[in-house]
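These numbers were taken from a predicted model, which means no experiment stands behind them. By convention here, the first residue in the shown sequence is residue 1.
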Amino acid sequence: MLTEHEMRFMRYWEANREKKKHFSSMLAGGLPVGLIFSLPVLLAVIFHGWYKSMVYISDAQLFVVMITVLAIAVFYGTFRMKFKWEQNEQLYKELKLRQSADDAAH
C-alpha cells in the first residue's frame with residue numbers, strides 16, 4: 001500500500017515529468033545552483049587586484065575565465081537537474097510497480 005506522500009509524488013510526477021525533461025527547464029532550474037557553485041571562482045577572478053603578489057590577469061584572460069566559469073555553471077546546473085530528474089523517474093517507476101503489485105494482490 002502506498003502512503004499519501006507517495007501518491008502525491010506520483011500525481012505530481014505524472015503531471016510534470018515531460019515538462020521537466022527538456023533542456024530549457026533543466027537549465028532554468030539548475031543555473032542558479034550552478035552559479036552559486038562557481039561564484040567563488042568568479043569573485044576571485046573579478047577581484048584579482050586585492051592580493052598584490054597575484055599574477056596579472058589581462059582583460060582578455062578575464063573574459064576567457066568568465067566564459068569558462070559560466071560554462072562550468074551551465075554544465076553543473078544541467079547535470080544536477082538531469083540527475084535529479086533521473087532519480088525522480090526511477091522512484092516513479094518503482095512506485096508504479098509497487099502499486100500494480102498491490103492492485104494485483106487485491
Side-chain angles (χ1 to χ4, degrees):
M1 192 71 183
L2 297 177
T3 65
E4 180 61 31
H5 179 70
E6 291 169 339
M7 293 297 287
R8 281 197 325 253
F9 171 76
M10 286 183 60
R11 285 192 299 269
Y12 165 78
W13 196 245
E14 285 172 352
N16 293 308
R17 67 194 284 198
E18 288 302 319
K19 286 188 276 186
K20 294 191 179 273
K21 188 176 185 178
H22 299 292
F23 178 76
S24 58
S25 66
M26 287 184 187
L27 183 63
L31 192 58
V33 175
L35 288 173
I36 290 171
F37 177 74
S38 62
L39 185 66
V41 174
L42 190 60
L43 289 176
V45 170
I46 289 174
F47 299 115
H48 64 278
W50 69 273
Y51 186 59
K52 298 302 177 201
S53 48
M54 184 180 267
V55 177
Y56 175 72
I57 298 175
S58 69
D59 290 338
Q61 290 171 330
L62 181 64
F63 181 72
V64 169
V65 168
M66 290 177 72
I67 295 284
T68 305
V69 166
L70 183 61
I72 290 169
V74 167
F75 173 76
Y76 180 78
T78 54
F79 183 79
R80 180 180 176 275
M81 292 304 289
K82 179 69 175 171
F83 182 74
K84 190 174 180 181
W85 187 91
E86 291 288 338
Q87 282 183 322
N88 286 340
E89 184 69 14
Q90 180 68 30
L91 178 61
Y92 173 75
K93 287 179 180 179
E94 289 173 4
L95 291 175
K96 276 298 233 190
L97 186 64
R98 215 167 87 199
Q99 184 182 33
S100 65
D102 285 346
D103 290 345
H106 289 109

Exercise for the section: Please test Glu89 against Lys96 for salt bridge (charged side-chain N to carboxylate O under 4.0 Å, His left out), starting from the C-alpha separation and ending with a verdict. Expected result: CA-CA 10 Å; Glu89 184 69 14; Lys96 276 298 233 190; over 6 Å; no
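- Atoms CD1 and CG, on Ile67 and Leu62 in that order, are 10.5 Å from each other to the nearest 0.5 Å.
- With Tyr92 as reference, Glu14 is the one residue of Gln87, Glu6, Glu14 to meet the side-chain hydrogen bond (donor to acceptor under 3.5 Å, both in side chains) rule.
- Atom CZ of Arg17 and atom CE of Met10 lie 10.0 Å apart (nearest 0.5 Å).
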Exercise for the section: Before giving the answer on side-chain contact (heavy atoms from CB on, under 4.5 Å), spell out for Leu97 and Ser100 the whole-Å C-alpha distance, their side-chain angles and the decisive distance to 0.1 Å. Expected result: CA-CA 5 Å; Leu97 186 64; Ser100 65; 4.2 Å; yes
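- Taken from CG in Asn88 to CD in Gln90, the straight-line distance is 11.0 Å, to the nearest 0.5 Å.
- The closest side-chain heavy-atom distance from Leu95 to Arg98 is below 4.5 Å.
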Problem - Worked check of salt bridge (charged side-chain N to carboxylate O under 4.0 Å, His left out) between Glu86 and Lys82 - result: CA-CA 6 Å; Glu86 291 288 338; Lys82 179 69 175 171; 3.5 Å; yes
Show the atom names and distances, to 0.1 Å, of all donor-acceptor pairs under 3.5 Å that link a side chain in residues 22-34 to residues at least two apart or in another chain.
{"residue": "His22", "atom": "NE2", "partner": "Glu18", "partner atom": "O", "Å": "3.2"}
{"residue": "Ser25", "atom": "OG", "partner": "Lys19", "partner atom": "O", "Å": "2.8"}
{"residue": "Ser25", "atom": "OG", "partner": "Lys20", "partner atom": "O", "Å": "3.4"}
{"residue": "Ser25", "atom": "OG", "partner": "His22", "partner atom": "O", "Å": "2.9"}

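- Rounded to the nearest 0.5 angstrom, Met81 CE and Tyr76 OH are separated by 11.5 Å.
- In this pair, Trp13 and Phe9 present their aromatic rings parallel. The plane angle is below 30°, not in the 30 to 60° band.
- Inter-residue side-chain proximity for Leu35 and Leu70 is flagged as met; some heavy-atom pair is nearer than 4.5 Å.
- In the hydrophobic clustering of this structure, Ile72 does not group with Val64; members are Ile, Leu, Val, Met, Phe, Trp, Tyr whose side-chain heavy atoms approach within less than 4.5 Å, directly or through other members.
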